[in-house]
Novice: 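This is the structure, below, for whatever I ask next.
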Amino acid sequence: GESVGLHLPTLSVQEGDNSIINCAYSNSASDYFIWYKQESGKGPQFIIDIRSNMDKRQGQRVTVLLNKTVKHLSLQIAATQPGDSAVYFCAENTPLLPSGSARQLTFGSGTQLTVLP
Amino acid sequence: GAVVSQHPSRVICKSGTSVKIECRSLDFQATTMFWYRQFPKQSLMLMATSNEGSKATYEQGVEKDKFLINHASLTLSTLTVTSAHPEDSSFYICSARYETQYFGPGTRLLVL
């Protein structure tokens with residue numbers, strides 16, 4: 001569901017290490033999930049998505065894991081680079097109607113990733 | 001990926017004036033676009049869903065008479081903040097759906 005807070009969770013990692021960013025979602029009817037990266041002063045940038053019929057999907061240096069049992073999503077970034085520093089948001093796509101034709105994207109609170117040199 | 005643009009990227013206006021923000025899908029057609037607002041250090045909050053050729057659907061608590069949305073074509077949606085006040089200062093972001101949702105670069109609005 002919607003999550004608004006004044007303080008973003010933060011994660012600091014050393015350059016070259018792997019990063020794991022976690023997200024809990026609230027709606028068991030959500031069937032599609034997206035990870036976005038947002039750099040300061042810019043709009044969110046699509047990273048990777050996953051549908052609820054999958055539990056893992058890999059992209060270039062990124063992997064998304066989905067655990068529907070506990071409604072948990074994670075983003076793993078391999079060999080983290082300085083350019084990966086940003087706020088990362090998970091988003092769940094929920095059908096608003098039984099037909100599934102109307103859908104709404106709900107964002108998590110975000111995690112600030114800082115890559116240390 | 002699909003490209004969404006916004007104009008202007010930032011705007012400063014006096015209290016009481018109206019400001020129009022444009023959102024365009026550059027390489028695809030979008031029957032549905034979305035408008036979000038984001039305050040510093042916070043997540044994106046959906047304001048309204050813009051439907052081409054019909055009225056926008058507003059989220060609870062968003063004043064439709066203050067935030068006018070027009071989706072006149074399959075590639076353009078506009079958000080007009082009418083009689084803007086300092087509390088309307090925020091980062092406004094639009095998105096459009098093309099298989100997934102792609103976001104514009106955002107518009108920073110500062111109302112003095």
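Letters A, B, ... are given to chains in the order of the sequence lines, protein chains preceding strands, and every chain is numbered from 1.
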Novice: When hydrophobic residues are tied together by side-chain contacts of less than 4.5 Å, even through go-betweens, does B/Val62 share a cluster with B/Met45?
Specialist: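 B/Val62 does not cluster with B/Met45.
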Novice: Is A/Gln38 in contact with chain B via its backbone, its side chain, both, or neither, using a 4.5 Å heavy-atom distance?
Specialist: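 Just the side chain, heavy atoms under 4.5 Å.
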Novice: Is it true that atom CZ of B/Arg10 has more than 12 heavy atoms of other residues, nucleotides or ligands lying nearer than 6.0 Å?
Specialist: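 Count not over threshold, so no.
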Novice: Hey, quick one: are A/Leu73 and A/Ile47 part of the same hydrophobic cluster, counting side-chain heavy atoms closer than 4.5 Å, chains of contacts allowed?
Specialist: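 Linked within one cluster.
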Novice: Specify the closest pair of heavy atoms between A/Ser109 and B/Ser43, including all atoms of both residues, with the distance to one decimal.
Specialist: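 So the two residues come closest at CA-CB, 4.1 Å.
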Novice: Got a sec: does the NZ of A/Lys42 have more than 12 other heavy atoms crowding it under 6.0 Å?
Specialist: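 Not more than 12 within 6.0 Å, no.
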Novice: Is there a continuous path of hydrophobic side-chain contacts, each under 4.5 Å between heavy atoms, that joins A/Val115 to A/Val62?
Specialist: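 They do share one cluster, since a chain of ILVMFWY contacts under 4.5 Å joins A/Val115 to A/Val62.
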Novice: Should we count NE2 of A/His72 as having more than 12 external heavy atoms under 6.0 Å?
Specialist: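 Yes, NE2 of A/His72 has more than 12 neighbouring heavy atoms, counting only those of other groups under 6.0 Å.
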Novice: Would a hydrophobic clustering, with Ile, Leu, Val, Met, Phe, Trp and Tyr connected at side-chain separations under 4.5 Å, put B/Met33 with B/Ile21?
Specialist: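 Different clusters: B/Met33 never reaches B/Ile21 through Ile, Leu, Val, Met, Phe, Trp or Tyr contacts under 4.5 Å.
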Novice: Work out which heavy atom in B/Gln42 is nearest to a heavy atom in A/Phe89; give both atom names and the distance.
Specialist: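 Scanning both residues, the minimum pair turns out to be O-CZ, 4.0 Å.
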Novice: Heavy atom to heavy atom, less than 4.5 Å: which residues from residues 72-95 of chain B reach chain A?
Specialist: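 Listed by number: B/Phe91, B/Ile93.
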Novice: Does B/Lys66 have more than 12 heavy atoms from other residues, nucleotides or ligands lying within 6.0 Å of its NZ?
Specialist: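 Yes.
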Novice: Out of the candidates A/Ile34, A/Ile48, A/Leu105, only one should pair with B/Thr100 under the side-chain contact (heavy atoms from CB on, under 4.5 Å) rule; please name it.
Specialist: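 Result: among A/Ile34, A/Ile48, A/Leu105, A/Ile34 is the only option passing the side-chain contact (heavy atoms from CB on, under 4.5 Å) with B/Thr100.
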Novice: State yes or no: are the ring centers of A/Phe107 and B/Phe103 separated by less than 6.0 Å?
Specialist: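 Between A/Phe107 and B/Phe103, the centre distance is under 6.0 Å.
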Novice: With heavy-atom distances below 4.5 Å as the criterion, would you say the side chains of B/Glu99 and A/Asp49 are in contact?
Specialist: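 B/Glu99 does not reach A/Asp49 side chain to side chain.
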Novice: Are B/Val4 and B/Leu109 connected into the same hydrophobic cluster when the rule is that any two of I, L, V, M, F, W, Y join if their side-chain heavy atoms are below 4.5 Å apart?
Specialist: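 No; tracing contacts between hydrophobic side chains, which count when under 4.5 Å, never links both residues.
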Novice: Is B/Phe39 close to chain A through its backbone or its side chain, or both, or neither, when contacts mean heavy atoms under 4.5 Å?
Specialist: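 Contact with chain A is absent: no heavy atom of B/Phe39 under 4.5 Å.
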Novice: Heavy-atom count check: over 12 atoms from other residues, nucleotides or ligands less than 6.0 Å from B/Tyr98 OH?
Specialist: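 No, OH of B/Tyr98 has 12 or fewer neighbouring heavy atoms, counting only those of other groups under 6.0 Å.
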Novice: Would you mind checking which part of B/Gln6 comes under 4.5 Å of any heavy atom in chain A, side chain (CB onward), backbone (N, CA, C, O), both or neither?
Specialist: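 Neither part, no heavy atoms under 4.5 Å.
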